[in-house]
Structure formats: C-alpha cells, structure tokens
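The next block holds one structure in the form of structure tokens; read it before the comments.
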Amino acid sequence: MRAGRREWLGLAVLALPTLLLSLDMSVLHLAVPHLAADLRPSSTQLLWIIDSYGFMIAGFLVTMGTLGDRIGRRKLLMVGGAAFGAASVVAALSTSPEMLIGARAVLGVAGATLMPSTLALISNIFQDPEQRGTAIAVWMSCFMGGMVVGPVVGGLLLDRFWWGSVFLMAVPVMVLLLVAAPKLLPEYRDAAAGRLDPASVALSLGAILPVVYALKETAKDGASPVNAVVLAVGVAVGVVFVRRQRGLADPMLDLRLFRVRAFSAAVSIMLVGALTMGGVFLLVSQYLQMVAGLSAAQAGLWLVPQAGAVVVGSLIAPRLARRFRPEFVLGVGMLVAAGGIGLFMLADGAGGVAFVVAGMSIASFGMGPQGVLCTEMVVGSVPPRKAGAASAMSETSGEFGIAMGIAVFGSVGTAVYRESVAVPGEVPAEAAALASDSMAGALQAAGSLPGPLAEGVLATARDAFASGLHAVAGIGASVVVVFAVVGMVALRRTRPATAEEPAPVPAGG
C-alpha cells in the first residue's frame, strides 16, 4: 500500500492550491493602498474587502469538507479550483468596491473547498502512516511557504503592474490543477453517505460566522455590547446545530468523531497552538513596525527566518516521530516553542528586535511538529470515508484559534498598554487621549507635537507596548507548556490508524 511515483506527483498537484491559498492571504495587504487609491472604498468597504475572504473560508470549511465526502473529493477540488480561478479574474478586473467585495466572498467560498479536499485526498492517497506523515509535512510547508513568498511576489508584481495582478496569480495555478488532477488524483467519496442537510448547513453558517465576526471586531475595536450579542447569537445557534446533528441518522458533522481520543486531543491542541501563535504574531508584527520603526517590507524580511523555521520544523517532524513516540516529539516541540515565546519578555521599548526575531523563529520551529503531527493524528484516527469532515474540523479549529488569539491577546496587550502608559502632563488633552489609547494613537499624536515632547510621548508608549508584549508572552508561554503536558498525557496510549486497520468510530452510546 506504499505510494509510488504517481502518488507523489499527485501530492505536487495538491500542493499548488495550498501554496496559493496562503499566498492569497498574505499578498492583499500590500495591494490595499493601490486598490484604495483606484476604487476609493469607504473605511467599512475596505474592511470587508480584507475580511470577507477569511469569513467565508471559516464559515464554509465544515460544509465543504462534508460535501466532499458525499460527492467526491477530487470533484469538489476541481469545482472549487475553477470557481477560484474565475473569481480571481473578476477580483482583478473589479471596477467598484462592491464588485471586489463580492469577488472576495466567492474566493473565500471556493477556498473553503480546497483546503479540506487537499488534506482529505492526501490521507486517502498515502495510506502508509510514514509516507502520510511526510506528505502532510510537505503540504503544511507549502502553506507556510506561501506566507513568505506572498509579500515578495506581491511586491514585485505591484512594482510593475496594477493591483489586480496579485489576483491573477491564481489563474495559471488553477488551470494546471484542472488539467493534472484527473490524471494524477483518484476519486474518493463515502458511498454510504446520505444527502447534505440544508438546515445543518444554515445552522453551521449561523454559528461560525457570528462567532468569527465577533472575535475579529473585538480584536479591532475592543469589547462592546454589540459584539457580545453577536457572539451569544453564534453560540446559541451552535448549540442548536449540535442538537440537530445528534438527532440525524446521517449528520453533516459526525460528533462521534470526538469520542476518538486522538482526534479530540489533536484538534484541541491545534486550536490552542493557533490561538497562541495568532495572538503573539499580532503583537510581534506591531512591535517591529510601531516600536522598532521598521517599514512593512522591512518587518516582513525580519520575519522570513520565522517562516523558514516552521518549514524546517514541519519537515523533520515525521522523521523524529518515527524514531521517538509522536506525542513526545509533539510535547518537546511545544516546550521549545514556549521557550521561544518567553524570549519576548527580554524585548523592551528601546530595542529588542533581535530577541523578538529569535523568539519567533524558535517558537515557530517548535510549533512545526505540532501542526504536522496533530494534522496526521486527525486524519489518521478516523475512517477514510470521514477524511473530508475530519480535515475540515482541523482547518476550522485553526481558523477559530487564530481569531480567538488575536481577540484575546490583543485585548490583553491593549489593557496592559493603557494601564502602563504615562503621557507627559504638558501634552495637550486631545493628543494625550490618543496616546493613552494605543501605540498607533501615540504615533499619530506624536506627529502633531514638537520634537522633544513627541519623543517623550513615544518613549513612554514604547515602554507600555513592551509591557503588553511581556504580559502576552508570559500568558502564551504558560498556555503552551500546559498543553504540551496535556498532549503528551492524552496521546500516550493512542496510535495512528493504518490502511489495513482504520480506527473505528464508536457507534451508539
């Protein structure tokens, strides 16, 4: 059952949309000033141009993963690839903010078909556990590599062409996918699955979208009654969704998967890893630009070692897991990551780029095995016919984790900043209010003040922001240590399923 040349060529085909999705996430931020000058969107429209893509991906992952199990994973991958290519052309040629928002939303829905389909097909094609681990490591390395390549490629395109060129990168990739997939990828689907339940689809969207929206808005603007109500609505709809799934003979999301200990533990650890790294990365990127004074391009270059470290950690994880027990490799990697996050506590307001970059690189290297091994545990602990739903759950946990991390750690950092900042008394009230609110406000206030007074405001703001970074680093490192131990204990007696003996899903009570 070991994979041969055709299967590894198929992995190369599956890596293309994975690389493209991560590249598309990172490249838009560079294009924002250019498209804003051309389309002149309002501030609200600009936010939706940026966020609609992520919202749709998060909302439709579970639906698309389950749909792939029913209609065929290769078929869904090709339909999604065609839709992604077409929507990319529309986005590139958009003549109004509304047109671009709509195109980005369609891109998000199409993107939600690609991630679970690629991961599910990898679990089906590579039935040997060792080869499957290597394939998942390559798949994840491509995803992380896209985050690094995106700003570089996007910058080159924007220097030579118009902003729409960053969207057209998807077209040749999707054409190649549509040509090669029928020849290199076999079809897989669950022949025993019934119809997709429309009510379950609506409930899943009604649960996921409000929760993600509330978390993102809380991260941007802070806690508010509106965000709390939206979050409560999402949670309430989620409860109804769970109750409906329990009552269906053929549920959209089989909750019995969570009774498999390897599955539930791996999904939980992935959620915590995404939460911690998402929240920490937010403050690190702000530190490099607002405290250290680097441009966006310079900050991106300083973060290249971090991306390279996570690729290396991901690629060596399967080999280490064959020599040592996977849960041991996972736990030790997370402890290394906690040490890297702890280095942030040595960075201060006057300097500390070296500590931040080194800490982020070490943390990313340590988290590399967590991403690969937990993903392999998720898809390896369920029957092949459930691979699409399992893959969607792993992706959804990552989306939720990043959104929660940005909201929670962003709020902690802001609270510590506001408690620590000490604006000089001679600063005018309006400027003092701005500087007391956030580091971005301090930079804005300093621009309207004379030199010595501006430097005094910036000095106290930098120190206050560093204090917030220290608090977030302490909390994040502690959480990672706790879940490193929990992971080693919870996964101690589990083992991955094999092709000959797939892990059973408990039925009934």
Side-chain angles (χ1 to χ4, degrees), residues 9 11-39 41 46 48-57 60 77-97 99-115 117-119 138-181 184-185 296-297 300-301 303-304 307-308 311 395:
L9 288 174
L11 175 63
V13 173
L14 294 174
L16 289 175
T18 305
L19 179 68
L20 180 68
L21 279 177
S22 61
L23 190 148
D24 201 65
M25 291 177 183
S26 60
V27 76
L28 180 66
H29 293 282
L30 289 175
V32 163
H34 303 267
L35 67 88
D38 186 17
L39 301 181
L46 187 59
W48 279 110
I49 289 172
I50 297 171
D51 289 339
S52 58
Y53 179 75
F55 283 145
M56 292 297 104
I57 285 183
F60 279 92
L77 177 66
M78 294 180 66
V79 170
F84 199 97
S88 297
V89 173
V90 175
L93 302 178
S94 293
T95 56
S96 68
M99 185 177 176
L100 183 54
I101 291 170
R104 289 279 292 168
V106 174
L107 281 171
V109 176
T113 70
L114 301 178
M115 291 296 284
S117 296
T118 54
L119 184 53
V138 172
W139 175 83
M140 184 157 289
S141 298
C142 287
F143 184 80
M144 297 307 303
M147 302 295 287
V148 180
V149 173
V152 177
V153 175
L156 292 174
L157 289 174
L158 291 170
D159 283 344
R160 293 164 175 78
F161 307 104
W162 93 113
W163 58 265
S165 61
V166 300
F167 293 109
L168 292 181
M169 289 188 297
V171 177
V173 173
M174 291 307 167
V175 169
L176 182 58
L177 172 68
L178 294 175
V179 171
L184 296 174
L185 301 177
L301 289 175
L303 290 174
V304 168
V311 169
E395 297 297 330

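Side chains included, hydrogens not; waters and symmetry mates left out as well; all remaining heavy atoms used. All figures in this text were calculated on a predicted structure; none of them were measured in a lab.
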Taking all non-hydrogen atoms of both residues, which atom of [X] and which atom of [Y] are closest, and how far apart?
{"X": "Ala91", "Y": "Leu107", "result": "CB-CD1, 4.4 Å"}
{"X": "Ala112", "Y": "Met56", "result": "CB-O, 4.3 Å"}
{"X": "Ala83", "Y": "Ala110", "result": "CB-CB, 4.0 Å"}

Next on the checklist: Using only atom types and a distance under 3.5 Å, with no angle test, would you say the side chain of Ser117 pairs donor to acceptor with the backbone of Leu114?
Outcome noted: no

Item to check | Heavy-atom side-chain proximity of Val90 to Val106 below 4.5 angstrom | outcome: no

Which residues share a side-chain contact (heavy atoms from CB on, under 4.5 Å) with [X], sequence neighbours left out:
{"X": "Ala92", "result": "Trp162, Phe167, Leu168"}
{"X": "Ala181", "result": "Met78, Leu177, Leu185"}
{"X": "Ala180", "result": "Val13, Leu184"}

Item to check | Residues which pass side chain to side chain donor-acceptor pair (under 3.5 Å) with Thr18, listed by chain and number, not counting sequence neighbours | outcome: Trp139

Checklist entry - Should Thr113 and Val79 be marked as a side-chain contact (heavy atoms from CB on, under 4.5 Å) after you check the CA-CA gap, both sets of side-chain angles, and the distance that decides it? => result CA-CA 8 Å; Thr113 70; Val79 170; over 6 Å; no

Checklist outcome for this item: In this structure, CG of Leu39 is separated from OG1 of Thr95 (nearest 0.5 Å) by 7.5 Å

